[in-house]
Amino acid sequence: MPKISAGLLLYRTRDGALEFLLVHPGGPFWKNKDGGAWTIPKGEIGDNEEPLAAAIREFEEELGFAPSGPFVELTPIKQKGGKVVHAWAFEGDCNPTQIKSNTFSMEWPPRSGKQAEFPEVDRAEFFKLEAAKEKINQAQIPLLEELQRRVENH
């Protein structure tokens, strides 16, 4: 059974251009990775949890503030590892430098027997479409493109 995640794609319009909020995963594995490493704020859906509720919870945990709708459902995508991501878009704004992410623990350095804490998200930033396509996990590009089409046709 593939893993299923849910996330929110926050967008805004600045100087007539659509911008998307993406997050960079925290921890040592992602430290020096940039292109293709960014993602929408998302996480796995809990048992008996509604996907939109999971998306809202994950957004709050990873960014430290509560999103407010209306939320527009986007077409789910499948990532390379088989994970299915359900996503909703919403319009809003925030200061990405003010995020406050939850943390996770892992053994670090490897085989040291020591546990270290890392933020789940180490930074967030708004990107215009072309830059966002370079930064985001390639499987998530259709989410950006679908939202772009919907906003242009609205």
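All residue numbers refer to positions in the sequence shown, counting from 1. Being a predicted model, the structure only gives us computed values, none of them experimental.
- Within the 4.5 Å cutoff, the side chain of L22 has no heavy atoms near those of the T39 side chain.
- Separation of the F59 and F90 ring centroids falls under the 6.0 Å cut-off.
- Of the inter-residue distances, the one linking Q140 atom CD with L74 atom CG reads 11.0 Å to the nearest 0.5 angstrom.
- The two residues L10 and E91 come nearest to each other via the heavy atoms CD1-C, 4.0 Å.
- Rounding to the nearest 0.5 Å places CD1 of I136 at 7.0 Å from CG of L9.
- For the pair I77 and V84, the minimum side-chain heavy-atom distance is 4.5 Å or more.
- The CD atom of E49 lies 12.0 Å from the CD1 atom of I4; values are rounded to the nearest 0.5 Å.
- Contact between P41 and L21 at its shortest, heavy atoms only, is CD-O, 4.2 Å.
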### Task
Please step through side chain to side chain contact (heavy atoms under 4.5 Å, CB included) for the pair W88 and V72, ending with a clear verdict.
CA-CA 5 Å; W88 287 262; V72 177; over 6 Å; no
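- Cluster membership check: Y11 does not share its hydrophobic cluster with I99, using side-chain heavy-atom separations under 4.5 Å among Ile, Leu, Val, Met, Phe, Trp and Tyr.
- Using a 4.5 Å heavy-atom threshold, the side chains of D34 and K135 count as touching.
- The existence of a salt bridge linking K42 and E58 is excluded, since no basic side-chain nitrogen approaches an acidic carboxylate oxygen closer than 4.0 Å.
- Here E19 contributes atom CD and K128 contributes atom NZ; the two are 4.5 Å apart, rounded to the nearest 0.5 Å.
- Taking the side chain as every heavy atom from C-beta outward, P76 and V85 never approach each other to under 4.5 Å.
- Heavy-atom minimum distance, Q148 versus L129: OE1-CD2, 3.6 Å.
- In the hydrophobic clustering of this structure, L143 does not group with F71; members are Ile, Leu, Val, Met, Phe, Trp, Tyr whose side-chain heavy atoms approach within less than 4.5 Å, directly or through other members.
- Considering every non-hydrogen atom in both A37 and P25, the closest pair reads O-CD, 3.3 Å.
- At least one side-chain heavy atom of N102 sits less than 4.5 Å from a side-chain heavy atom of E62.
- Scored by the ring pair (Phe, Tyr, Trp, His ring centres under 6.0 Å) test, F104 finds F118 as partners (sequence neighbours excluded).
- Inter-residue side-chain proximity for I56 and L8 is flagged as met; some heavy-atom pair is nearer than 4.5 Å.
- Annotation: side chain of P67 is in contact with side chain of E60 (closest heavy-atom distance under 4.5 Å).
- The salt bridge (Lys or Arg N to Asp or Glu O under 4.0 Å) test applied to E44 returns K3, not counting sequence neighbours.
- When all heavy atoms are compared, the tightest approach of A6 to I45 is CB-CG1, 3.9 Å.
- For F20 and F127, the gap between ring centers reaches or exceeds 6.0 Å.
- Looking only at side-chain heavy atoms (C-beta outward), S101 and L63 stay at 4.5 Å or farther from each other.
- Counted by atom type alone, T75 and E146 present one or more donor-acceptor pairs between their side chains at under 3.5 Å.
- Electrostatic pairing of K33 and D122 does not count as a salt bridge here, judged by no charged N lying under 4.0 Å from a carboxylate O.
- F126 carries R12 over the face of its six-membered ring, with the cationic atom under 6.0 Å from the centre and within 45° of the normal.
- In terms of heavy-atom proximity, E117 sits nearest to S105 at OE2-OG, 2.9 Å.
- Following chains of ILVMFWY side-chain contacts shorter than 4.5 Å, one cannot reach M106 starting from W30, and the two form parts of different hydrophobic clusters.
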### Message
Test side chain to side chain contact (heavy atoms under 4.5 Å, CB included) on N137 and Q79; report intermediate values, then the result.
### Response
CA-CA 8 Å; N137 174 317; Q79 297 188 162; 3.8 Å; yes
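- When atom types are taken as modelled, the side chain of E107 and the backbone of G113 share a donor-acceptor pair closer than 3.5 angstrom.
- E145 has a carboxylate O that lies under 4.0 Å from a charged side-chain N of K133, or vice versa, which qualifies the two as a salt bridge.
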